[in-house]
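Because the structure is a prediction, the values reported are computed rather than measured.
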Amino acid sequence: MQLLAVCSLLVLLCVSARSQNQICTIFTEAKKDGFKAMALVGLAQNLPDSLLDDVVPLVAEAFTMGIQCCSDEPLEDCNRDVADLFQSAVCSSETLVEKSNLKHCCEKTATERTHCFVEHKAKIPRDLSLTSESPAADQCEDFKKDRKDFVESFIFRFSKRNTMLPPHVILAVTKSYGEVLATCCGKGEAEAQTCFDTKKSTFQHFVRNRVNELKALCIVHNKYGDRIFKAKKMIQYSQKMPQASFQEMKGIVDKIVATTAPCCSGDMITCMKRRKVLVDEVCGDRSVLSRTAGLKACCKEHAIDRGSCVEAMKPDIKPDSLSERYDLHADIAAVCHTFTENPDVALGKLIYELSVRHPESSQQVILRFSKEAEQAFLQCCDKEDHAECVKTALADSNIDKMITDEIEYYKNMCAAEAALGDYNFEKSMMVYYTRIMPQASFLQLHIVSETVADVFHDCCKDQPGHLVLPCAEEKSTNVLDATCNDDNYSSINPRIAHCCNQSYSMRRPCILSIQPDTEFTPPELDANDFHMGPELCTKNSKDLLLSGKKLLYDVVRHKTIITEDHLKIISTNHSIMKEKCCAAEDKEACFTEEAAKLLAESIELVKA
């Protein structure tokens with residue numbers, strides 16, 4: 001079983017063998033605690049029906065083998081193929097094969113067996129539950145008693161529930177949760193619970209964002225392929241590192257794209273091997289490193305943290321030699337020559353030139369302009385007067401205006417979010433999405449409206465003014481990608497389906513152009529839909545928000561063009577009823593009487 005534990009680690013972080021064998025290289029770079037943590041993630045993700053007590057001894061054996069592989073006489077197995085070693089170790093244990101339902105995989109060999117293991121892992125149900133629901137006092141007691149055991153248990157539980165998450169994300173989540181407990185557990189019991197409740201929502205928000213980002217990347221790659229994915233990465237990293245040349249950036253992007261397919265399929269052997277090689281090569285390029293302050297700082301981080309640091313880098317300062325704007329028309333002869341021979345390289349160069357000059361732009365705006373430019377090139381580049389032809393074709397396409405218009409839109413949304421406050425803004429998003437797709441269930445629209453509200457909460461408050469656009473449009477597009485990826489949405493609303501089938505960069509403008517659905521036939525209004533009773537008096541703020549959103553959902557889907565004034569009246573009456581009845585001696589009787597009145601008044605407003 002010692003080999004199984006070590007191989008599970010290699011499934012997560014496999015590097016090219018140099019003078020050392022693979023296990024020794026990992027042991028040296030990850031260090032003691034990192035090595036053990038990565039082994040634990042690998043075992044938990046690949047053997048989800050195992051217990052922590054089953055796995056802990058294997059992690060200890062992995063650590064022992066790490067020491068042996070770094071000795072003067074390493075074991076022969078230290079250099080075996082990682083995938084074959086791991087699968088053979090699993091398949092040699094009848095207990096593990098039966099417990100993990102892997103018999104059908106173990107009957108295969110070589111590449112077929114590897115694919116089977118990957119597919120089996122991808123089908124393991126995922127559960128984004130983030131923490132135990134036990135009281136803060138109990139968690140703090142366990143945390144203080146043995147911090148390493150507590151962290152070990154958290155990694156194990158979270159890894160089992162999220163088998164497709166890369167290990168660096170799981171370890172980042174673990175670190176964040178440990179910081180929550182370290183902060184709160186030094187307080188008194190009551191104060192600790194309050195601290196925990198406050199910080200837990202922030203922590204869950206952080207995890208949800210990270211998971212959604214990874215999911216969105218895979219959705220884009222799977223639906224649109226390498227071409228769009230490369231373009232997005234070219235924009236993202238050219239904005240971060242404007243000092244790098246186009247050829248340098250192209251090499252980095254090609255390597256990034258090469259890691260995507262295996263990472264999205266759950267093939268963590270190939271995923272983490274390529275990711276590690278990518279970071280090592282980028283950090284080993286002294287020429288690029290000497291010109292990029294952000295990258296240089298990230299490359300000083302621990303080996304496990306470097307990749308995440310690079311992903312989170314802010315844009316570096318532009319080089320002095322870079323012109324403020326890219327003059328496409330002055331460069332059109334060279335552009336058309338390249339486009340005729342290799343369209344993707346020409347468009348990649350255009351995207352690069354725009355991105356290094358416009359860190360304030362979103363990826364989607366640059367892609368929309370590039371799509372218009374591509375059409376102009378197709379139309380003009382084989383003509384003798386191609387320069388004039390392109391200029392005419394792009395007469396109405398101005399990248400600066402496109403960026404300015406989008407920044408203005410998001411600033412207005414941020415102003416609305418600030419004026420309404422978090423909860424009322426979330427309610428307004430519920431109203432908006434219910435108007436355009438009333439066929440969706442309450443739960444579906446609750447998740448969409450909550451996620452969109454989170455986007456603006458993050459991007460309006462945490463970003464400098466000029467970075468609101470790249471933050472907000474990227475995250476908004478991620479929400480739409482997840483919505484479009486859910487067959488339940490596209491199948492129940494043809495207009496949503498139409499937008500979901502648009503080009504990647506045009507999905508959001510398409511959704512925003514949808515008008516309220518006036519053809520939807522809702523069920524009759526029922527008093528039971530409104531859930532108005534004494535339970536409203538004891539609900540916390542989150543539950544009250546949920547109740548308010550449910551009321552708006554039920555009303556709006558009965559009349560998708562109901563006015564904002566009428567909605568405000570209904571919401572106000574609902575609040576008045578709650579305050580009145582929660583103060584009444586006989587709450588049940590009060591809610592029975594007042595709820596009937598509210599329903600009658602709401603029906604009249606819906607009919608108006």
Side-chain angles (χ1 to χ4, degrees), residues 216 220 228 230-244 246 249 253 294 313-319 321-332 335 346-377 390-391 393-417 452 455-456 458-481 502-513:
V220 171
I228 292 297
K230 276 186 180 181
K232 278 177 60 64
K233 290 299 171 184
M234 177 63 78
I235 297 169
Q236 180 184 359
Y237 286 97
S238 297
Q239 288 178 325
K240 291 175 184 291
M241 297 184 283
Q243 302 91 340
F246 170 64
M249 196 54 63
V253 168
M313 274 192 325
K314 299 297 182 186
D316 266 348
I317 298 173
K318 300 175 192 176
S321 59
L322 188 68
S323 61
E324 186 177 351
R325 290 179 176 81
Y326 174 58
D327 190 345
L328 170 62
H329 300 297
D331 206 23
I332 194 61
V335 171
L347 291 170
K349 180 68 159 51
L350 171 63
I351 286 171
Y352 164 81
E353 296 290 357
L354 295 173
S355 302
V356 294
R357 290 168 172 82
H358 294 288
E360 79 282 7
S361 177
S362 65
Q363 296 175 25
Q364 290 73 22
V365 169
I366 291 175
L367 288 174
R368 286 197 282 274
F369 179 84
S370 300
K371 185 176 177 62
E372 293 174 7
E374 181 182 16
Q375 294 304 310
F377 298 159
V390 169
K391 186 176 291 187
L394 292 178
D396 296 327
S397 302
N398 183 312
I399 185 67
D400 293 312
K401 185 177 185 305
M402 292 169 73
I403 293 170
T404 300
D405 288 349
E406 289 296 335
I407 288 176
E408 191 63 27
Y409 167 79
Y410 280 106
K411 281 186 175 179
N412 289 337
M413 291 296 289
C414 287
E417 196 257 357
V452 171
V455 166
F456 287 98
D458 285 348
C459 297
C460 296
K461 291 181 172 58
D462 298 340
Q463 299 291 335
H466 71 289
L467 293 181
V468 167
L469 173 56
C471 175
E473 184 158 24
E474 180 67 18
K475 291 187 177 183
S476 295
T477 302
N478 288 350
V479 176
L480 295 179
D481 288 339
Q502 292 290 303
S503 66
Y504 170 74
S505 63
M506 292 305 297
R507 276 181 167 184
R508 189 190 65 83
C510 182
I511 293 284
L512 288 177
S513 70

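- Between Phe456 and Val468 the shortest side-chain heavy-atom distance does not fall below 4.5 Å.
- Shortest non-hydrogen contact noted between Leu347 and Ser370 is CD2-O, 4.1 Å.
- Lys371 NZ to Ser503 OG: the interatomic distance, rounded to the nearest 0.5 Å, is 4.5 Å.
- Counting all heavy atoms, side chain and backbone alike, Ile235 lies closest to Ser355 at CA-OG, 3.4 Å.
- Between the CE atom in Met234 and the CG atom in Leu354 there is a gap of 12.0 Å [rounded to 0.5 Å].
- Distance check: Tyr352 OH to Gln239 CD gives 12.5 Å after rounding to the nearest 0.5 Å.
- Counting only distance, with no hydrogens or angles, the side chain of Asp481 and the backbone of Ala216 share no donor-acceptor pair below 3.5 Å.
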Item checked: Verdict with supporting geometry, Gln364 and Arg507, side-chain contact (heavy atoms from CB on, under 4.5 Å) -> CA-CA 10 Å; Gln364 290 73 22; Arg507 276 181 167 184; over 6 Å; no
Checklist line | From CA spacing to verdict: disulfide bond (SG atoms under 2.5 Å apart), Cys414, Cys459 | finding: CA-CA 8 Å; Cys414 287; Cys459 297; over 6 Å; no
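- The shortest heavy-atom contact between Pro470 and Ser361 is CB-O, 3.4 Å.
- Closest heavy-atom contact between Met241 and Met249: O-CE, 3.7 Å.
- At least one side-chain heavy atom of Tyr326 sits less than 4.5 Å from a side-chain heavy atom of Asp331.
- For the pair Arg508 and Tyr409, the cation-pi criterion (under 6.0 Å, within 45° of the ring axis) is fulfilled.
- The backbone N or O of Ser323 sits less than 3.5 Å from a side-chain atom of Arg357, completing a donor-acceptor pair.
- Summarising the geometry, atom CD1 belonging to Ile399 is positioned 11.0 Å from atom CG belonging to Leu328; distances are rounded to the nearest 0.5 Å.
- Note that OG1 of Thr477 is 8.5 Å distant from CD of Gln363, once rounded to the nearest 0.5 Å.
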Item checked: Ile351/Ser238 under side-chain contact (heavy atoms from CB on, under 4.5 Å): CA gap, chis, key distance, verdict -> CA-CA 9 Å; Ile351 286 171; Ser238 297; over 6 Å; no
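- Just one of Glu473, His358, Glu360 meets the side chain to side chain contact (heavy atoms under 4.5 Å, CB included) condition when paired with Val365; it is Glu473.
- A distance of 9.5 Å separates CD1 in Ile366 from CE in Met402, rounded to the nearest 0.5 Å.
- When side chains are defined from C-beta on, Lys233 does not count as touching Lys230, because their heavy atoms never get closer than 4.5 Å.
- Considering all non-hydrogen atoms of both residues, Lys475 and Asp458 come closest at NZ-OD2, 3.6 Å.
- The side chain to side chain donor-acceptor pair (under 3.5 Å) search around Glu408 returns none, not counting sequence neighbours.
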Next item on the list: List the steps and the verdict of side-chain contact (heavy atoms from CB on, under 4.5 Å) for Glu406 and Ser362.
Entry: CA-CA 9 Å; Glu406 289 296 335; Ser362 65; 5.8 Å; no
Next item on the list: Please report the C-alpha distance between Val390 and Val335 in whole Å, then the side-chain angles of each, then the deciding distance to 0.1 Å, and finally whether the side-chain contact (heavy atoms from CB on, under 4.5 Å) criterion is met.
Entry: CA-CA 11 Å; Val390 169; Val335 171; over 6 Å; no
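- Applying the 6.0 Å contact sphere to CG of Asn412 captures more than 12 heavy atoms from other residues, nucleotides or ligands.
- Smallest separation of non-hydrogen atoms from Ser397 and Phe369: O-CE1, 3.7 Å.
- Side-chain contact between Gln236 and Val253 is absent, with no heavy atoms from C-beta onward closer than 4.5 Å.
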